[in-house]
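Just so we're clear, the structure is a prediction, and the values are computed from it rather than from any experiment. Throughout, protein chains are lettered first and strands after them, A, B, ... in sequence-line order, and every chain is numbered starting at 1.
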Amino acid sequence: MNRAETPLVDLRCEAHTYPDGTVGMHDVEFSVYPDEVVALLGGNGAGKSTLLEHLNATLVPDEGELVIEGTPVANGDERRARKTVGFVFQDADAQLVAPTVRDDVLFGLQNYGVSGEEAIERARDALDAVDAGHLEDRIPHYLSGGEKRLVGLAGVLALQPSVIVLDEPLAGLDPERSRLVARHIEQVHRDGVSVVLSTHDLDFAAEVADRVCVMADGNIVGCGTPREVFYDDELLATANLHPPSPVRVARSAGLDTSERPVTESELAAAIADASTTDRTARTVADGTDV
Amino acid sequence: MNRAETPLVDLRCEAHTYPDGTVGMHDVEFSVYPDEVVALLGGNGAGKSTLLEHLNATLVPDEGELVIEGTPVANGDERRARKTVGFVFQDADAQLVAPTVRDDVLFGLQNYGVSGEEAIERARDALDAVDAGHLEDRIPHYLSGGEKRLVGLAGVLALQPSVIVLDEPLAGLDPERSRLVARHIEQVHRDGVSVVLSTHDLDFAAEVADRVCVMADGNIVGCGTPREVFYDDELLATANLHPPSPVRVARSAGLDTSERPVTESELAAAIADASTTDRTARTVADGTDV
Amino acid sequence: MAHIHLGEGSFPLWALALWTLIGTGLIGVVVYRIRKGGIETRQIALAGIAGAASFAVFQLNIPVWGGIHMNLTGLVGILAGPLLGALIALVVNIFSAALGHGAVGLLGANTLVNASEAVVAYYAFRTLVGLDWDVFPASTGAATLGLSAGAVLMGAIIVVSGVNGSALPRADLTVAVAGLVGLNLGVAVVEGLLTGFVVQFLASVRPDLVGLVDRLGRDASEVTA
Amino acid sequence: MLSNHVPDPRLVTAYAERRDGPLHHVNPWTKLGVVGALVLAVTVVDRAAVLAGLYAVVLLVYVTAGLPAGRLLRWYTVPMLFIVSVAGPLAFLEPGTPIGGALATPLGDVSVTVAGLVLFLELGFRSLTVVTFTLAAAMTTRYSDVAYVLGRVLPRPVDQVALLTYRFTFVMIETLEDLVKAAVARGGNLSEFWSNKRLYARILGMTMLSAIERAERLVKSMEARGYDGDLTLYGDVPRPPVHETLLVGGSYAAVLGYAAITTGVVL
Ligand SMILES: Nc1ncnc2c1ncn2[C@@H]1O[C@H](COP(=O)(O)OP(=O)(O)OP(=O)(O)O)[C@@H](O)[C@H]1O
Ligand SMILES: Nc1ncnc2c1ncn2[C@@H]1O[C@H](COP(=O)(O)OP(=O)(O)OP(=O)(O)O)[C@@H](O)[C@H]1O
Ligand SMILES: [Mg+2]
Ligand SMILES: [Mg+2]
């Protein structure tokens, strides 16, 4: 990546070793730039969660550095990292700490000294932004998986971070709710927030990401646009991944050469294109037949 | 369904009410026959887990009956149900009961009186079967989400039940491991074990299932072959579902009428077919042109 | 530090034997009653959970007076009842001793202390709720009372035993121990308060857990009867 | 966040399952026997020098077993706290020759006496000797063996409660850790108790709640794999080999012999 802007988040981590000696990730350099959606892909245990949890100093490198908006995060200065980088955890249950949804969304605000009317206002806005306003009085613990995730997202949105990190935002959601969450991620991005997410759903990554990074064995093994990465078989194979289904279909139908579709709509367009050409051809053929 | 064989599992449940008064499912009749793979679909909270947990008497109906291999399961007789019907829970963490992977896989075996070398042998085979042999000495709590699920699956496979119930077997798995689990499900099925699974991944259901049942609001609202169900828009809409991607692509490319592909390979074949026709047409056209 | 677990080898051999004997007697009675009354898998599971909570929460460092750790014995007593509470006290002490928090030789003494905390907290909670107190003050009061009782019992055990190898007269020892007990009473208030918040929260979020409290209470009294 | 002065059971288990040190291969019954002998020893031995020697031996065993020494120092905090809180005041109160200058207080002169200091050291060695060995044993005995021994030693239903406690501890710690992580990630501050007591209460309350529910699910899943209220004790811890039995017997004999001699001398 070769950009003029300063990255919002800049992580250099020689290694992160868990207390039991497992090296969760090593030799990683990772930056997040303003206004982009980055998807982190990789097999189970590749180190995605480990990397993401470094971005807001939940975990710290054995050796390395986290730089937020140009300033390194010193020991004891983690609050700044956490304020700039909002985090929605992989496990929705673990995210919710308060007895009601409203309290939960207020929780972070209060920690940063926002209180009273303003806090309530911002909490409500954040909930509305993800269509979860009606859940305000519910007990987070008893929401459905999808609802929990929306509330978790709202709790982070309320803090108006510059970057939002989502660890497997679609895990356990039904297709309708996945679509809802995906739409909200796009909304958040349009509002100028950078998003970093991990996912096993490559179709989803193809839909939302501007940039895709592939991890394997605790390391980033490749980065690029979805089109670059999803047609790079060798790279995907290193990381235990298969191309998303539009790519596979395009391949096996022989449509992969020209347009290289990565999303469903691109694939449909490519097919339609192909058949328009065919239909034209057929019409001509029909014409000459008559 | 209209079969001569006795079902392996036959559930009739007027209702299941959770302690807090939520009715998790109602008016359900569900059977599992020898040698089939049944996929249960439905939105979050539709009642899939509730139904599945009835199949091995983890939950019991308020009013109703569970019949295993022709004999009703009486109170106190749950062990028979549990031995015949293996269960892999939705929450991988909840599945793992011992502090090492090996001990965890051995746990069920030992409860059923298998011990010593034979138990260790079977545990190892089960782990290898899901490509998790290398995790044998690890501590389940230190595994990544996907690794945990493989271990949970191995723990049930080791018990060699007649029916395996899998609640969201692919949740949190990477594509390679998903494919592995899918292949393994097919393997298990070929070995004569019936499989019942719930999933949000309709593409996966289309690949593996002989029969698909759709749930909504605690009720089974429709059953049929994948081809019947996935082209039934009205049914899918009731259940908050969208057709799997091959169906969507086939639709938007106008390929849905004749072959009605539901899997990727069928879609690819359909596209290839269409273009062969086209190419023939084009060749003819070309021929006349010359 | 909420619970001073006496260090290994603090007491002379005769005292070690005495407390082990009394502790064993207490557990013996509890086990006998539970076996007689029967126990469900679910209750064993609940006891396991409560034991684990008490053990795990010890990992949380609470920054008061240089850091205190809790055992939640009061909470355990309120949730699990006196019989299971006593068993949990034993089990938690066994695991704690293995990790250097407590003493293997003084399992008897430490179990007596913690069991008394659970038992007193349980009966105090019942009584206060019976007097129509709200959940919060009742559980705070009960836990504080239970933990204080434990602290006093611990002081008494030290004074009766005498410290191994010390030539200090009992009277002076009593003064020293009184200071220690006083400090623990302070910690009891902090932990009591937290217990109050936790019980109030559990009662508000999962009323059926309060139902569980009731049910267990009944089971326990049936066993006692 | 979570205290590193308290051993993390997960870490302890990780070491235990490694099975690569010499102590890993010692029979669990032998280790239990040695714990008993050590407890007896630190109770009856009353000479600082002997206690120090005993501690040195145990420490050597710990280190040669390949266990982490740095962590051990941190884990000493809690037992040391107990020692300080009991023996600390006694070090001042103990009758005998004062060390250095006495501090004048309204209650009279206060100073650490030689006897007081010796007492403090003795109590320290006593405690740390056993703590070090039990930690070493815990970190070199695999789960299934611990479970087996617990099941053998404890009466019903205490053994079942103990086995489930062991298991659920991991669930609890994870829940606690996740919640602390989530709270801190949103700016939660755990450094000042009084102004954050509600946060603590919430975290504790949620921990209880989610752990209770997780544990309930765990019981369900255990039942699904044949559990019926009886955690089967698998594996089998055989009797210790002859030389280990002799070692344990020998250590008890040594302690009793020592007690007999010293008592005899006193008499
Ligand atoms: N708390 C922990 N203690 C020890 N090892 C851990 C811990 N968490 C993760 N690991 C290990 O670190 C490695 C990276 O794990 P991580 O959770 O980052 O993977 P991931 O890419 O997020 O996987 P998944 O897709 O399954 O969530 C794995 O080998 C895992 O077993
Ligand atoms: N333990 C419980 N106590 C009370 N209500 C419950 C419990 N478990 C599930 N429910 C409720 O029962 C209904 C059916 O839940 P179930 O878990 O069966 O849905 P599901 O189809 O498996 O959903 P998902 O796809 O999210 O796993 C939901 O309304 C849910 O809120
Ligand atoms: Mg992860
Ligand atoms: Mg479910």
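Residue D:L119 touches chain C through its side chain alone, counting heavy-atom pairs closer than 4.5 Å. Looking at D:V146, there are no atoms closer than 4.5 Å to chain C (heavy atoms on both sides), in backbone or side chain. Residue D:L51: no heavy atom, backbone or side chain, is found under 4.5 Å from chain C. With a 4.5 angstrom heavy-atom cutoff, D:V35 touches chain C only via side-chain atoms. With a 4.5 angstrom heavy-atom cutoff, D:A138 touches chain C only via side-chain atoms. For C:A97, the part lying near chain D is the backbone, with the side chain staying farther off; criterion is any non-hydrogen pair under 4.5 Å. Only the side chain of C:L90 has a heavy atom closer than 4.5 Å to any heavy atom of chain D. For chain D, the nearby parts of C:I49 are the backbone and the side chain; heavy atoms of each come within less than 4.5 Å.
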(message) One pair to check against side chain to side chain contact (heavy atoms under 4.5 Å, CB included): D:L123 and C:E8. What are the steps and the verdict?
(response) CA-CA 8 Å; D:L123 287 177; C:E8 199 73 64; over 6 Å; no
(request) Applying side chain to side chain contact (heavy atoms under 4.5 Å, CB included), run through D:T165 and C:I88 and close with a yes or a no. (result) CA-CA 9 Å; D:T165 296; C:I88 293 166; over 6 Å; no
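The distance from the CD1 atom of C:I94 to the CG atom of D:L154 is 4.5 Å, given to the nearest 0.5 Å. Atoms CG and CG, from D:D159 and C:L87 in turn, are 10.5 Å apart once rounded to the nearest 0.5 Å.
Each of D:L32, D:L38, D:V39 was compared with C:V104 under the side chain to side chain contact (heavy atoms under 4.5 Å, CB included) criterion, and only D:V39 meets it.
Looking only at distances, a side-chain donor or acceptor of C:R35 sits under 3.5 Å from a matching main-chain atom of D:R156.
Interface check for chain D: of the options C:G51, C:G105, C:A98, C:A47, the most heavy-atom pairs under 4.5 Å are formed by C:A98. Taking D:V45, D:V158, D:V130 one by one and counting their heavy-atom pairs under 4.5 Å with chain C, the maximum is reached by D:V130.
Smallest separation of non-hydrogen atoms from D:P9 and C:F55: CG-CE2, 4.1 Å. The minimum heavy-atom distance between D:T43 and C:F11, with the atom names listed, is CG2-O, 3.4 Å.
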